[in-house]
**Q** 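Here it is, the structure in full.
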Amino acid sequence: MFASNTRNLMRSSFLQRCKSTLVVAEHNNEALNPITLNTISAAKKIGGDVTVLVAGTKCGPASEALSKVEGVTKILVAENAAFKGFTSESLTPLIVAAQAQFKYTHILAGASAFGKNVLPRVAAKLDVSPISEVIDIKSEDTFVRTIYAGNAILTLKSKDPIKVITVRGTNFQPAATSGGSGVIEQAAAGDYASSLSEFVSQELTKSDRPELTGAKVIISGGRGLKSGDNFKLLYDLADKFGAAVGASRAAVDAGFVPNDLQIGQTGKIVAPDLYIAVGISGAIQHLAGMKDSKTIVAINKDPEAPIFQVADIGIVADLFKAVPELTGKL
């Protein structure tokens, strides 16, 4: 009996030492995307060493910032013209090579457009099943995620030797950006250029407003606004709060606003301190993207709208009267 317990303790200790996680950083070479810090917090819950991979063209500033993040053991830096545009075709062989070299047991990235694009390809190359949109980590092999547009919670246990996971950033606190002492190393050199795709250019929307996924306050509009011009009501209100402006899928599909404002299961997942839903009925698709907000205020003239079921404060009123009145009082 004593010998059996000793073996179990030794095996547990061995596994603890062997656990190691690779976090794929999302950045623009100059600065980190906030979801990377949330992903690092998730990695710390797994246990073991946490390494962050920074791939780009001139990503020195992002690497230096990561070296100060609490809980990061090592930063692997890969600078190569092939990584311009951060295409999955060029990043995947780099991630697979890093895993082969250091034998990571877990590979994580944020559940953003970037992470959802890269990690499924990595999982396919490693012949494992990807685990998407994790909202909690129970142990090194047991994870929690939502299913059915957030209407059910699934706890799953993965038997794959390498766990490839995207993390929903809104469910993990960001790692502290000071107090760390991560060591910066160069990743293995290689020819990572891909003949399958080529980055040509991108046009980014410029705005003085906060980015949706990191905003503390979000004013969001739906089809009830009737036109894109009427979104000016929300912009005026957002200016009072210093808030970001979002939209439901119905508003985006109607052409009121561009799709980079879409919040929901097929848009952006947000969890601000304050979420004001204006003229949004509250379809399941939209609720999946915002129901973790700390305080939800709904303005809708239909008292039976599903949005009121999740709202902390409900205002049954004509938005064309209520929103200007609210803006005028701030």
Side-chain angles (χ1 to χ4, degrees), residues 33-35 112-113 149-151 168-170 202-330:
N33 186 306
I35 200 171
S112 59
N151 286 300
R168 185 173 289 186
T170 55
Q202 64 180 358
E203 294 183 14
L204 300 177
T205 302
K206 294 183 179 180
S207 175
D208 294 331
R209 303 186 192 282
E211 204 278 327
L212 267 176
T213 55
K216 298 295 184 183
V217 180
I218 295 175
I219 318 293
S220 194
R223 190 157 42 193
L225 281 156
K226 298 183 180 179
S227 75
D229 292 339
N230 289 331
F231 262 75
K232 184 179 185 305
L233 295 173
L234 304 194
Y235 294 132
D236 291 342
L237 180 58
D239 288 339
K240 297 286 187 177
F241 282 104
V245 173
S248 68
R249 178 174 177 174
V252 171
D253 287 350
F256 296 170
V257 291
N259 61 9
D260 60 331
L261 298 188
Q262 183 175 324
I263 294 170
Q265 185 182 15
T266 54
K268 295 179 179 177
I269 307 296
V270 298
D273 294 336
L274 174 62
Y275 187 90
I276 302 178
V278 181
I280 294 176
S281 63
I284 289 175
Q285 197 274 347
H286 185 74
L287 297 184
M290 47 66 70
K291 65 182 181 181
D292 289 330
S293 304
K294 293 179 176 61
T295 301
I296 299 173
V297 178
I299 302 174
N300 199 299
K301 66 180 181 180
D302 179 9
E304 302 299 321
I307 191 71
F308 288 123
Q309 296 177 14
V310 299
D312 299 288
I313 300 172
I315 302 173
V316 180
D318 183 346
L319 70 88
F320 294 104
K321 295 179 180 178
V323 174
E325 184 177 351
L326 178 58
T327 303
K329 290 184 179 295
L330 292 172

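Quantities reported herein were computed from a predicted structural model and do not represent experimental measurements. Numbers for residues simply follow the sequence, beginning at 1.
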**Q** Determine the minimum heavy-atom distance between P272 and A215, stating which atoms define it.
**A** CB-O, 3.4 Å

**Q** For the residue pair L287 and I307, establish whether any side-chain heavy-atom pair is separated by less than 4.5 Å.
**A** yes

**Q** Please step through side-chain contact (heavy atoms from CB on, under 4.5 Å) for the pair V252 and V257, ending with a clear verdict.
**A** CA-CA 5 Å; V252 171; V257 291; 4.1 Å; yes

**Q** For A322 versus I299, what's the shortest heavy-atom pair and its separation?
**A** CB-CG2, 4.1 Å

**Q** Compare every heavy atom of G242 with every heavy atom of P210, then report the nearest pair and how far apart it is.
**A** CG-O, 3.5 Å

**Q** First locate atom CZ of R249, then atom CG of L261, and finally report the distance between them rounded to the nearest 0.5 Å.
**A** 15.5 Å

**Q** Considering all heavy atoms of both residues, which atom of D302 and which atom of F308 are nearest to each other, and what is their separation?
**A** O-CE1, 3.1 Å

**Q** Can you check whether L212 reaches I263 side chain to side chain, under 4.5 Å on heavy atoms?
**A** yes

**Q** Could you tell me the separation between the NZ atom of K268 and the CG atom of N259, rounded to the nearest 0.5 Å?
**A** 9.0 Å

**Q** How about T213 and I269: do any of their side-chain heavy atoms sit closer than 4.5 Å?
**A** no

**Q** Between D236 and K240, does any NZ, NE, NH1 or NH2 come within less than 4.0 Å of an OD or OE carboxylate oxygen?
**A** no

**Q** Give me the one residue out of I276, V278, D318, I219 that meets side chain to side chain contact (heavy atoms under 4.5 Å, CB included) with V323.
**A** V278

**Q** Mind listing the closest non-hydrogen atom pair of S220 and L234 along with its distance?
**A** C-CD1, 3.8 Å

**Q** By the side chain to side chain donor-acceptor pair (under 3.5 Å) test, which pairs, at least two apart or in different chains, include something from residues 278-289?
**A** T266-Q285, Y275-H286

**Q** Would you say that N300 contacts L319 through its side chain, given a criterion of any heavy-atom pair below 4.5 Å between the two side chains?
**A** no

**Q** Supply the atom-to-atom distance K226 NZ to F256 CZ, rounded to the nearest 0.5 angstrom.
**A** 10.0 Å

**Q** Taking the side chain as C-beta and beyond, is there a heavy-atom pair between L233 and P324 under 4.5 Å?
**A** yes

**Q** Answer whether the closest heavy-atom distance between the side chains of I218 and V245 falls below 4.5 Å.
**A** no

**Q** Just wondering, do N230 and F320 contact through their side chains at under 4.5 Å, heavy atoms?
**A** yes

**Q** If you measure from CD on E211 to CG on D260, what distance do you get to the nearest 0.5 Å?
**A** 9.0 Å

**Q** To check you understand the geometry: which heavy-atom pair defines the closest contact between K301 and V316, and what is its length?
**A** O-CG1, 3.7 Å

**Q** Can you find a heavy atom in the side chain of T170 that is under 4.5 Å from one in the side chain of M290?
**A** no

**Q** How long is the straight-line distance from CG of L274 back to CD1 of I296, given to the nearest 0.5 Å?
**A** 9.5 Å

**Q** Could you tell me whether R209 and D239 have a side-chain N and a carboxylate O separated by less than 4.0 Å?
**A** yes

**Q** Do K294 and D273 meet the salt-bridge criterion of a basic N to acidic O distance under 4.0 Å?
**A** yes

